[in-house]
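Written out below as structure tokens is the structure these notes cover.
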Amino acid sequence: MKVVYWSSKSESTHRFVQKLNIENIRLPLNGTCEVEIDEPFILILPSYGDTVETAIPKVVNRFLANKKNSSLMRGVIGGGNTDFGSKFCIAAKVVSHFFRTRLLYQFEISGTPTDVSNVQEIIQKQLRIENGSNS
């Protein structure tokens with residue numbers, strides 16, 4: 001199970017993903033997105049924008065507009081700052097809703113050691129499901 005992620009200039013999401021010690025693909029900060037995935041993945045992205053219309057970064061939208069990519073997404077994990085109130089993890093919530101995938105987890109800023117452990121477990125569980133074993 002791969003992790004695909006997008007990180008803003010703050011690099012908080014990047015730091016979190018690096019702590020996971022798992023194979024990952026980083027989407028570019030901006031510009032075009034030529035990334036095409038050929039295996040199931042979990043998307044990780046930070047809070048972004050402040051409305052449903054602006055919540056998903058354009059690069060992430062382009063990546064998910066590719067039907068092959070979006071069909072292989074097995075869930076989304078959101079990062080953010082609880083100071084954002086109802087906008088905390090808004091991008092992950094919007095992706096979950098519009099792409100009909102599960103919101104698997106939410107973490108604050110660069111995550112705690114507990115967040116890292118929880119996300120590693122989620123990824124391992126998802127990998128077992130993909131391989132046909134629920135144990």
Side-chain angles (χ1 to χ4, degrees):
M1 179 69 51
K2 236 177 221 166
V3 163
V4 174
Y5 75 101
W6 183 85
S7 188
S8 66
K9 291 178 184 177
S10 75
E11 295 286 308
S12 295
T13 305
H14 175 72
R15 286 190 296 277
F16 180 78
V17 170
Q18 297 313 299
K19 294 178 205 174
L20 296 174
N21 293 319
I22 189 165
E23 186 177 353
N24 62 74
I25 295 173
R26 183 177 184 168
L27 299 176
L29 183 59
N30 47 43
T32 61
C33 184
E34 304 298 327
V35 177
E36 187 168 285
I37 300 298
D38 58 3
E39 65 183 272
F41 69 93
I42 293 173
L43 179 66
I44 301 178
L45 67 161
S47 297
Y48 186 83
D50 57 0
T51 66
V52 170
E53 293 79 19
T54 62
I56 305 173
K58 289 178 183 175
V59 170
V60 176
N61 257 331
R62 287 183 202 112
F63 170 74
L64 293 174
N66 178 323
K67 298 288 187 197
K68 182 178 179 187
N69 290 341
S70 58
S71 73
L72 291 168
M73 182 170 48
R74 299 299 185 251
V76 61
I77 294 172
N81 187 322
T82 55
D83 288 348
F84 296 164
S86 64
K87 307 301 184 211
F88 175 67
C89 296
I90 188 172
K93 292 172 187 174
V94 171
V95 167
S96 173
H97 176 77
F98 284 104
F99 289 91
R100 295 188 170 113
T101 192
R102 293 174 294 149
L103 178 59
L104 298 169
Y105 196 81
Q106 299 173 87
F107 63 92
E108 187 167 21
I109 311 191
S110 294
T112 65
T114 299
D115 292 324
V116 171
S117 177
N118 288 342
V119 169
Q120 287 170 328
E121 287 179 31
I122 289 167
I123 292 167
Q124 288 305 311
K125 180 179 180 185
Q126 193 61 47
L127 184 59
R128 288 191 300 273
I129 291 169
E130 287 296 320
N131 291 330
S133 169
N134 288 325
S135 57

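Note that the structure is predicted; figures quoted are calculated from it, not measured. One-based numbering along the sequence shown.
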Any side-chain to backbone donor/acceptor pair from Ser47 onto Gly79? Under 3.5 Å, distance only.
yes
Minimum side-chain heavy-atom gap Val119-Phe16 below 4.5 Å
yes
Taking 4.0 angstrom as the limit, do Arg26 and Glu11 come out as a salt bridge?
yes
When rounded to the nearest 0.5 angstrom, what is the spacing between CG in Asn118 and CG in Leu104?
12.0 Å
Quick one: pull up CG in Asp115 and CD in Gln120 and give me the separation to the nearest 0.5 Å.
11.0 Å
Would you say Ile42 ends up clustered with Ile25 if hydrophobic residues are merged whenever their side chains have heavy atoms under 4.5 Å apart, either directly or through other cluster members?
no
Transitively linked via ILVMFWY side-chain contacts under 4.5 Å: Tyr5 with Ile122?
yes
Has Lys9 got more than 12 heavy atoms of other residues, nucleotides or ligands less than 6.0 Å from its NZ?
no
Shortest non-hydrogen contact from Gly78 toward Ala92:
CA-CB, 3.5 Å
Decide yes or no on side-chain contact (heavy atoms from CB on, under 4.5 Å) for Phe107 and Ile44, but give the supporting numbers first.
CA-CA 10 Å; Phe107 63 92; Ile44 301 178; 4.0 Å; yes
Counting C-beta onward and ignoring hydrogens, is there a side-chain heavy-atom pair between Glu108 and Asn81 closer than 4.5 Å?
yes
Looking at every non-hydrogen atom in both residues, tell me the closest pair between Ser12 and Ser7 and how far apart they are.
N-OG, 4.1 Å
Let's go through Leu29 and Trp6 carefully: what are the C-alpha distance in whole Å and the side-chain angles of both, what is the deciding distance for side-chain contact (heavy atoms from CB on, under 4.5 Å) to 0.1 Å, and is it a yes or a no?
CA-CA 7 Å; Leu29 183 59; Trp6 183 85; 3.7 Å; yes
Roughly how far apart are Ile37 CD1 and Ser70 OG, rounded to 0.5 Å?
11.5 Å
Approximate separation, where rounding is to 0.5 Å, of Asn131 CG and Gln126 CD:
10.5 Å
Over all atoms of both residues, closest heavy-atom pair of Ser8 and Pro46:
N-CG, 4.2 Å
Check for a donor-acceptor pair, side chain of Asn66 on one end and backbone N or O of Glu36 on the other, with a separation under 3.5 Å.
no
According to a 4.5 Å side-chain heavy-atom criterion applied to Ile, Leu, Val, Met, Phe, Trp and Tyr, with indirect links allowed, do Ile56 and Val35 form part of one hydrophobic cluster?
yes
Please determine whether residues Val60 and Val17 belong to a single hydrophobic cluster, defined as Ile, Leu, Val, Met, Phe, Trp and Tyr linked transitively by side-chain heavy-atom distances below 4.5 Å.
no
For the residue pair Leu45 and Leu27, establish whether any side-chain heavy-atom pair is separated by less than 4.5 Å.
no
On a heavy-atom basis, which atom in Thr101 and which in Ser96 lie closest, and how many Å separate them?
O-OG, 2.6 Å
Are any non-hydrogen side-chain atoms of Met73 and Phe41 less than 4.5 angstrom apart?
yes
Treating Arg15 as the side-chain partner and Ser10 as the backbone partner, does any N or O pair qualify as donor plus acceptor under 3.5 Å?
yes
Non-hydrogen side-chain atoms of Glu130 and Glu39 separated by less than 4.5 Å
no
Between Phe98 and Leu72, is there a shared hydrophobic cluster once you connect ILVMFWY residues whose side-chain heavy atoms come closer than 4.5 Å?
yes
Rounded to the nearest 0.5 Å, how far apart are CG of Leu103 and NE2 of His97?
13.0 Å
On a heavy-atom basis, the closest approach of Thr82 and Phe88 is N-CD1, 3.6 Å
With a 4.5 Å cut-off on side-chain heavy atoms, are Phe84 and Ile90 touching?
no
Check whether Lys2 reaches the backbone of Asp38 with its side chain - one donor and one acceptor, N or O, closer than 3.5 Å.
no
CZ of Arg128 to CD of Gln124, rounded to nearest 0.5 Å, is 6.5 Å
